[in-house]
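Just so it is clear, the structure is predicted and the values come from calculations on it, not from any experiment. Values below: all heavy atoms of this structure, side chains included; hydrogens, waters and symmetry mates excluded.
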Amino acid sequence: MKQKFLWLLMGLFIGVFFMIAWTLCSGQLNETEKTLQIAGDVAECTDVKSWSDWTEKESVLCQGESYKGVLLSKVLGKTAVLGDVEQIYMISFDGFTSVIDGKDAAFCYLTYDGKMGWSILAPKHPISTNAKDLKKIVLVSSGEKSKGLTLMKKDGSCLTFSLGQLLTGPMTTYPKFEGEATIETDGKAYSSQVYTKSEGFPLRNLTEVEDTDYLLLETKTGETFFIENRGHFIIEGILIHYVDRKGEIYENIKKVTIHPYVG
């Protein structure tokens with residue numbers, strides 16, 4: 001009887017151990033899922049984080065293989081889109097980008113794999129549409145430019161760009177200064193600076209402009225700044241900022257007026 005009790009106790013202990021291990025592993029897997037951002041012509045960006053949160057998964061046959069996926073149209077339905085979506089840009093971490101018409105979201109699927117991250121399955125499209133390891137989906141809507149950038153050229157003409165148009169244009173990687181640390185060892189000071197990478201674009205990507213020109217920046221709060229055209233724009237969420245050549249950031253820009261240099 002005593003031996004039977006010991007075996008029962010050991011079995012219970014092993015069961016509890018495996019339940020704890022499974023819980024920890026599941027939590028760890030969820031924590032390591034990459035975040036997919038839905039951005040562009042939207043009221044607010046949406047972060048898609050956990051694959052387990054999506055319950056409306058369907059079986060999808062693509063390129064002879066069977067997968068589980070969620071209709072892309074349902075995923076985008078969780079985002080407050082501005083206007084009618086004309087194009088959908090699916091951008092991978094390595095820069096690979098595939099583009100489909102907005103109406104085709106009803107025929108594509110979002111799926112997740114521990115190795116390849118968030119991916120698109122497009123059974124009706126060419127194989128190149130099946131973008132893997134996605135970091136961002138950018139929506140470009142027709143006529144929606146209320147949250148974008150207005151540009152007044154030197155000849156008085158006006159250009160307007162939506163967030164979706166700006167995000168899908170050419171991007172340049174810039175170093176972003178994050179901070180500096182100093183410690184003293186054996187009576188000598190040792191310091192280091194930390195930089196990360198930031199994607200942005202210079203004004204010349206949008207229109208003809210000279211490096212000697214000046215810019216009048218206008219923010220959404222009504223502030224204005226008159227600066228040299230020596231920096232670049234960055235987009236964070238639905239906000240547009242300007243970074244000058246010294247690293248100073250002018251936030252929430254809505255309008256730029258180009259002024260020629262007068263010596």
Salt bridge (Lys or Arg N to Asp or Glu O under 4.0 Å) evaluation trace for Asp113 with Lys132: CA-CA 9 Å; Asp113 178 82; Lys132 302 180 184 299; over 6 Å; no
Point-to-point distance, once rounded to the nearest 0.5 Å, from NZ of Lys147 to NZ of Lys220: 5.5 Å
Which pairs of donor and acceptor atoms, one on a side chain in residues 181-199, lie under 3.5 Å apart (sequence neighbours left out)?
from   : atom 1 : to     : atom 2 : distance (Å)
Gln193 : OE1    : Tyr195 : OH     : 3.2
Thr196 : OG1    : Glu178 : OE2    : 2.7

Aromatic ring pairing Phe226/Tyr214, orientation class (parallel under 30°, perpendicular over 60°, tilted between): parallel
Leu206 and Val256, any side-chain heavy atoms less than 4.5 Å apart: no
Can you give me every donor-acceptor pair (side chain of residues 122-130, partner residue at least two apart or in another chain, under 3.5 Å) with its distance?
from   : atom 1 : to     : atom 2 : distance (Å)
His125 : NE2    : Asp104 : OD2    : 3.1
Thr129 : OG1    : Pro126 : O      : 3.0
Asn130 : OD1    : Ala122 : N      : 2.7
Asn130 : ND2    : Ile127 : O      : 3.4

Test item: Trp118 side-chain N/O and Lys34 main-chain N/O as donor-acceptor pair under 3.5 Å: yes
Counting only pairs under 3.5 Å, give me each side-chain donor-acceptor contact of residues 242-254, with atom names and distances, residues two or more places apart or in other chains.
from   : atom 1 : to     : atom 2 : distance (Å)
Tyr242 : OH     : Gly231 : N      : 2.8
Asp244 : OD1    : Lys246 : N      : 3.0
Asp244 : OD1    : Gly247 : N      : 3.0
Asp244 : OD1    : Glu248 : N      : 2.8
Arg245 : NH2    : Glu228 : OE1    : 3.3

Under the side chain to side chain donor-acceptor pair (under 3.5 Å) test, residues paired with Asp155 that sit two or more places apart: Ser157
cation_pi(Lys68, Trp54) dist<6.0 Å, angle<=45: no
Under 3.5 Å donor-acceptor, Asp133 side chain and Asp94 backbone: no
Pair Asp101 + Lys103: basic N to acidic O under 4.0 Å: yes
Heavy-atom check, side chain of Ile88 versus side chain of Leu139, under 4.5 Å: yes
Spatial distance of atom OG1 (Thr55) from atom NZ (Lys57) [nearest 0.5 Å]: 7.0 Å
Spacing of NZ belonging to Lys74 relative to OH belonging to Tyr109, to within rounding of 0.5 Å: 9.0 Å
Connected-component partners of Met152 among ILVMFWY, side-chain separation under 4.5 Å: none
Residue from Thr207, Leu166, Leu167 passing side chain to side chain contact (heavy atoms under 4.5 Å, CB included) with Phe161: Leu166
Donor-acceptor under 3.5 Å (Thr97 side chain, Ile91 main chain): no
Validation row: Ile38, Val75 side chains within 4.5 angstrom (heavy atoms): yes
Minimum side-chain heavy-atom gap Val140-Thr168 below 4.5 Å: yes
Verify same cluster id: Ile227, Tyr174 (apolar side-chain graph, 4.5 Å): no
Asp84 side chain near Ser141 side chain, heavy-atom distance below 4.5 Å: no
Any Thr150 side-chain heavy atom under 4.5 Å of Glu218 side chain: no
Minimum side-chain heavy-atom gap Ile100-Ile120 below 4.5 Å: no
Residues that Tyr67 engages under ring-ring contact (aromatic ring centres under 6.0 Å, His included), provided they are two or more places apart: none
Pairwise side-chain contact, Ile258 with Asn229, heavy-atom cut-off 4.5 Å (strictly under): no
